[in-house]
Trainee: 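Below are the structure tokens for one structure; questions will follow.
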There are 2 protein chains.
Amino acid sequence: MAYKTDIEIAREAKKKPIQEIGAKLGIPSDDLLPFGHDKAKVSAEFIAAQRNKEDGKLILVTAINPTPAGEGKTTTTVGLGDGLNAIGKKAAICIREASLGPCFGMKGGAAGGGYAQVVPMEDMNLHFTGDFHAITSAHNLLSAMIDNHIYWGNELEIDQRRVVWRRVLDMNDRALRDIVTSLGGVSNGFPRQAGFDITVASEVMAILCLALDIDDLQKRLGDIIVAYRRDRTPVYCRDIKADGAMTVLLQQAMQPNIVQTLENNPAFVHGGPFANIAHGCNSVVATTTALKLADYVVTEAGFGADLGAEKFLNIKCRKAGIAPSVVVLVATVRAMKMNGGVAKADLGAENVDAVKNGCPNLGRHIENLKSFGVPVVVAINHFVTDTDAEVQAVKDFVASQGSEAILSKHWEFGSEGSKDLATRVAQIADADMASFAPIYPDEMPLFEKVETIAKRIYRADEVLADKKIRDQLKQWEEQGYGNLPVCMAKTQYSFSTDPNLRGAPVGHSVPVREVRLSAGAGFIVVICGEIMTMPGLPRIPSAEAICINDDGVIDGLF
Amino acid sequence: MAYKTDIEIAREAKKKPIQEIGAKLGIPSDDLLPFGHDKAKVSAEFIAAQRNKEDGKLILVTAINPTPAGEGKTTTTVGLGDGLNAIGKKAAICIREASLGPCFGMKGGAAGGGYAQVVPMEDMNLHFTGDFHAITSAHNLLSAMIDNHIYWGNELEIDQRRVVWRRVLDMNDRALRDIVTSLGGVSNGFPRQAGFDITVASEVMAILCLALDIDDLQKRLGDIIVAYRRDRTPVYCRDIKADGAMTVLLQQAMQPNIVQTLENNPAFVHGGPFANIAHGCNSVVATTTALKLADYVVTEAGFGADLGAEKFLNIKCRKAGIAPSVVVLVATVRAMKMNGGVAKADLGAENVDAVKNGCPNLGRHIENLKSFGVPVVVAINHFVTDTDAEVQAVKDFVASQGSEAILSKHWEFGSEGSKDLATRVAQIADADMASFAPIYPDEMPLFEKVETIAKRIYRADEVLADKKIRDQLKQWEEQGYGNLPVCMAKTQYSFSTDPNLRGAPVGHSVPVREVRLSAGAGFIVVICGEIMTMPGLPRIPSAEAICINDDGVIDGLF
């Protein structure tokens with residue numbers, strides 16, 4: 001049987017005007033700022049007016065550690081949202097925006113797949129509503145104003161060797177990782193080492209995703225530490241007087257975007273920090289707005305539950321005062337097989353033993369998630385090649401862990417395929433079984449927070465960090481930043497910091513390479529192992545195949 | 001008498017939904033891609049369908065050399081367009097988009113002033129419909145793909161010292177003018193000298209503004225020369241295989257934007273190359289589309305007539321096959337006084353002699369414009385402090401040059417103030433008096449083209465250029481680029497290359513510092529004197545005062 005490709009299905013979508021989609025959530029047309037006929041931003045005034053309404057139930061979708069086989073976290077988020085709507089619930093989904101850079105490198109976007117997709121797919125993988133461009137502009141305005149301040153006399157006495165604010169582009173460009181700027185003589189300033197990160201790694205991105213409203217946004221932008229003086233005292237964005245103009249640049253980007261699923265259900269798509277180098281969740285504004293407008297809100301956190309869900313629960317929930325009623329952990333038979341040692345080329349053949357061998361990775365995520373006090377349901381995202389015996393093996397394993405696994409066929413059938421999952425998830429959410437708490441308190445010392453995550457989530461024996469790093473953490477505690485959560489930057493492919501260590505490893509060490517204070521976002525970034533904040537392009541970038549074809553349609557983007 | 005500020009007037013605008021504005025030109029709602037309720041892009045399909053319609057009359061607005069007093073070229077363009085509509089003509093205006101970078105430096109945007117403005121002003125000075133962000137992305141994708149090609153083995157044998165494609169940001173950031181990239185070791189590539197220009201200086205900007213349609217856009221992008229080999233043969237964008245993906249990134253940006261004047265008349269705002277470092281006109285697509293939809297199209301070219309109008313007539317008209325029926329040359333009494341030696345602080349006092357002394361600058365522009373075979377009308381953009389005697393002095397001078405000067409009070413009264421100007425301009429346009437021709441033929445050698453402009457427009461005695469530069473021009477002629485027009489990059493403040501030489505200088509020399517081949521845009525850039533392609537921020541950037549005020553409104557942007 002031949003299946004249609006994602007893009008073929010997306011192109012056949014019968015989209016409704018975005019005003020009709022907004023109306024499903026009670027948003028009047030005047031409060032929707034349209035971007036074309038199928039995208040809109042929700043006005044800040046409307047959002048503010050919902051403040052006293054009761055919240056719906058929050059459902060977090062997370063996954064096992066990703067494998068090249070693909071797990072389908074976004075697909076499941078979309079499928080579950082459509083399923084909830086299909087069984088008569090008022091539901092909305094909240095996902096992240098795609099980053100432009102990687103689209104021209106190796107991967108397509110993050111709009112789901114099969115019959116569980118969000119549209120318009122092309123726009124979402126290109127400029128969308130311009131949010132990331134606004135973040136790039138705001139970030140780089142601050143960068144320019146710092147060097148400009150130094151150029152005109154450096155009244156703030158910035159130590160030019162200790163400028164910690166880099167520049168950003170939404171592009172995979174390894175040549176910009178490490179650069180020397182201001183060459184060429186007097187009129188170009190003072191040469192110094194500098195560099196670019198990808199926009200999704202910007203602290204401005206994290207701030208936009210964590211800010212409660214525009215005032216909170218400006219306050220947090222002002223709190224950004226951009227440099228240090230020779231005496232090590234910090235220089236803030238506020239000192240450079242860039243926070244006002246940055247807020248103006250971000251005003252529109254702060255308004256969450258609404259689009260639709262293939263089944264014409266509302267989808268918020270807003271913010272897009274990576275989960276390996278940032279906190280990896282869509283914006284607090286989008287999630288809290290959706291909670292006011294829908295009875296069930298399905299949202300996802302990036303990569304595996306060791307990264308995205310940990311940060312969703314310890315950072316986003318803590319900061320936004322929200323909590324999930326249930327967590328859906330996505331797994332696939334194929335990914336279990338890969339965790340069980342099968343090569344990608346051999347995934348087509350039935351192999352129940354390999355499935356069983358791969359299950360411990362799933363088991364550990366279940367255990368970890370439960371330690372936050374939330375009920376966990378496993379969603380088996382069905383591939384058409386999965387055999388009944390393989391599916392049963394996963395179900396049996398999950399049952400042995402005291403949880404429940406539900407097969408879901410949203411990829412193949414849309415909401416028809418996800419009704420079972422939706423029904424069970426709604427039941428659990430309605431039962432109010434969760435007693436959520438982050439796994440470390442605010443007042444725990446910073447290094448202990450890192451150890452808590454490393455030992456309780458990654459199951460490492462120890463955290464390795466130079467004295468310099470420990471001293472840095474202590475210094476920040478003395479400066480009043482000790483109550484911040486930690487944002488782990490680590491490979492997504494393993495519980496450990498070694499991407500090749502699949503399954504459920506124990507006895508490993510977590511080496512901390514660097515720590516960065518994101519005083520505006522409100523967390524400490526802890527960089528473990530070799531994680532890049534500016535990716536490169538592969539030998540044959542996907543950009544080479546991207547074009548407008550003879551029918552005037554975009555090819556190669558997916 | 002107290003006058004309202006531009007921004008106060010703009011905030012009181014009674015905007016109509018953009019669909020109503022489009023309807024005035026016969027554009028159906030379905031062919032308008034909305035960006036909010038007051039901005040839209042016109043669909044490519046609709047534009048293509050107008051192809052066989054007859055063109056309206058094209059009216060070019062240009063100006064004397066700019067002074068700190070301000071001339072009001074955009075204001076006059078808007079006022080004339082509103083005036084034409086007020087006297088019962090079907091008219092549209094075509095202007096350029098504002099660049100973000102300079103808005104945070106010294107100047108506000110370019111949306112007119114007083115009662116002759118285009119709205120929404122804030123959006124137009126910020127992200128607008130994202131066109132410049134798309135250009136930045138497309139430009140930098142090519143940059144990343146060039147370094148990536150070298151990184152992965154350099155199959156095209158690019159000489160790393162001869163990569164001529166830089167990077168761009170829409171930001172005034174002098175620290176990025178001259179940089180060294182790819183430092184930090186093997187995984188970051190091969191260190192080399194590089195740098196950033198401001199986005200408006202990008203060849204991609206020029207290409208977007210000169211391309212006839214999306215196919216022409218891709219062809220021109222492919223033609224960009226990005227580097228040379230050791231044997232000096234060129235490497236094209238097409239060789240890097242970036243042209244397809246760049247076209248996809250620019251697809252939406254190619255569609256012209258439509259907004260409205262304070263009097264709810266249609267305004268196309270599209271493209272924004274600077275007139276001192278690029279060709280300085282709005283897009284060919286916007287102008288030719290407007291000509292199909294309106295009976296009169298008023299458009300402007302950047303800075304003084306020696307730069308913007310020269311390039312409009314020699315480059316844009318030549319490439320697009322269009323010609324103005326009449327040219328409106330904007331002058332102000334204040335600017336005449338400054339040209340006549342009065343300091344800015346003393347402009348308030350009547351000084352007829354200074355006005356007379358400043359008139360030769362105006363006279364030379366009239367003479368130059370007439371040499372293109374087009375009728376010229378001088379519009380005196382009225383300031384409330386101008387005295388009757390001063391105005392009369394300008395009128396008398398213009399009459400002595402065989403032309404006509406008309407006082408226009410659009411700034412103070414909107415179309416009520418510009419009806420005289422509109423009536424006379426329409427009469428001249430209808431009389432079909434123009435017999436337009438560029439001042440040099442395609443087949444003239446490149447250096448002679450430069451000499452022709454320098455001698456006939458700038459009135460210089462000679463062009464100074466090293467043998468190296470002359471040899472370079474000859475080489476391009478041998479490679480088949482000899483038929484291209486030349487795009488002069490020169491200070492806007494003087495006919496000469498010395499910004500302090502006001503009035504109508506003679507006997508000066510034009511030193512050519514550098515020549516660049518823009519094979520995609522289709523011209524040779526000739527850089528004369530000290531012109532920067534990446535500006536810096538001033539000591540106190542205007543960004544410091546930009547913020548959202550307590551009423552939720554943007555302050556400081558203008």
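Within every chain, numbering begins at 1; the chains are lettered A, B, ... in the order of the sequence lines, protein sequences first and strands thereafter.
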Trainee: What distance separates B:Lys241 NZ from A:Ile540 CD1, expressed to the nearest 0.5 Å?
Mentor: 7.0 Å
Trainee: Chain B heavy atoms under 4.5 Å from A:Asp147: which part of the residue, side chain, backbone, both or neither?
Mentor: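 Just the side chain, heavy atoms under 4.5 Å.
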Trainee: Can you measure from NZ (B:Lys41) to CZ (A:Phe35) and round to the nearest 0.5 angstrom?
Mentor: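 Interatomic distance, B:Lys41 NZ to A:Phe35 CZ, rounded to 0.5 Å: 12.0 Å.
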Trainee: Distance check, rounded to the nearest 0.5 Å: B:Phe104 atom CZ versus A:Ser137 atom OG?
Mentor: 7.5 Å
Trainee: Measuring from B:Leu141:CG to A:Cys103:SG, what's the distance to the nearest 0.5 Å?
Mentor: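 Nearest 0.5 Å value for the CG-SG distance: 11.0 Å.
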Trainee: A:Asn148 side chain to B:Asp173 main-chain N or O, any donor-acceptor pair under 3.5 Å?
Mentor: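 No; judged by distance alone, with no hydrogens or angles, the pair does not exist.
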Trainee: Parallel under 30°, tilted from 30 to 60°, perpendicular over 60°: which one fits the rings of B:His133 and A:His133?
Mentor: parallel
Trainee: Please find the pair of heavy atoms, one from A:Arg174 and one from B:Trp152, that lie closest to each other, and give the distance.
Mentor: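 Nearest pair, atom of A:Arg174 first, then B:Trp152: NH2-NE1, 3.7 Å.
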Trainee: Could you check which of B:Pro541, B:Gly536, B:Gly36 has the highest count of heavy-atom pairs closer than 4.5 Å to chain A?
Mentor: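 Most heavy-atom pairs within the cutoff with chain A belong to B:Gly36.
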Trainee: Tell me, for A:Asp243 versus chain B, whether the close heavy atoms (under 4.5 Å) come from the side chain, the backbone, both or neither.
Mentor: neither
Trainee: Using heavy-atom distances under 4.5 Å, tell me whether A:Ser43 contacts chain B through its side chain, its backbone, both, or neither.
Mentor: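 The answer is neither part of A:Ser43.
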Trainee: Quick one: which residues of residues 544-552 of chain A reach chain B at under 4.5 angstrom, heavy atoms only?
Mentor: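 Expected list: A:Glu544, A:Ile546, A:Cys547, A:Ile548, A:Gly552.
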Trainee: Measuring from atom CD1 of B:Ile179 to atom CD1 of A:Ile179, what distance do you get when rounded to the nearest 0.5 angstrom?
Mentor: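 Nearest 0.5 Å value for the CD1-CD1 distance: 4.0 Å.
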Trainee: Using heavy-atom distances under 4.5 Å, tell me whether A:Leu126 contacts chain B through its side chain, its backbone, both, or neither.
Mentor: side chain
Trainee: Side chain, backbone, both or neither: which part of A:Asn172 has a non-hydrogen atom closer than 4.5 Å to chain B?
Mentor: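 For A:Asn172, backbone heavy atoms alone lie under 4.5 Å from chain B.
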Trainee: What part of A:Ile150 is in contact with chain B, defined as an atom under 4.5 angstrom from a non-hydrogen atom: side chain, backbone, both or neither?
Mentor: neither
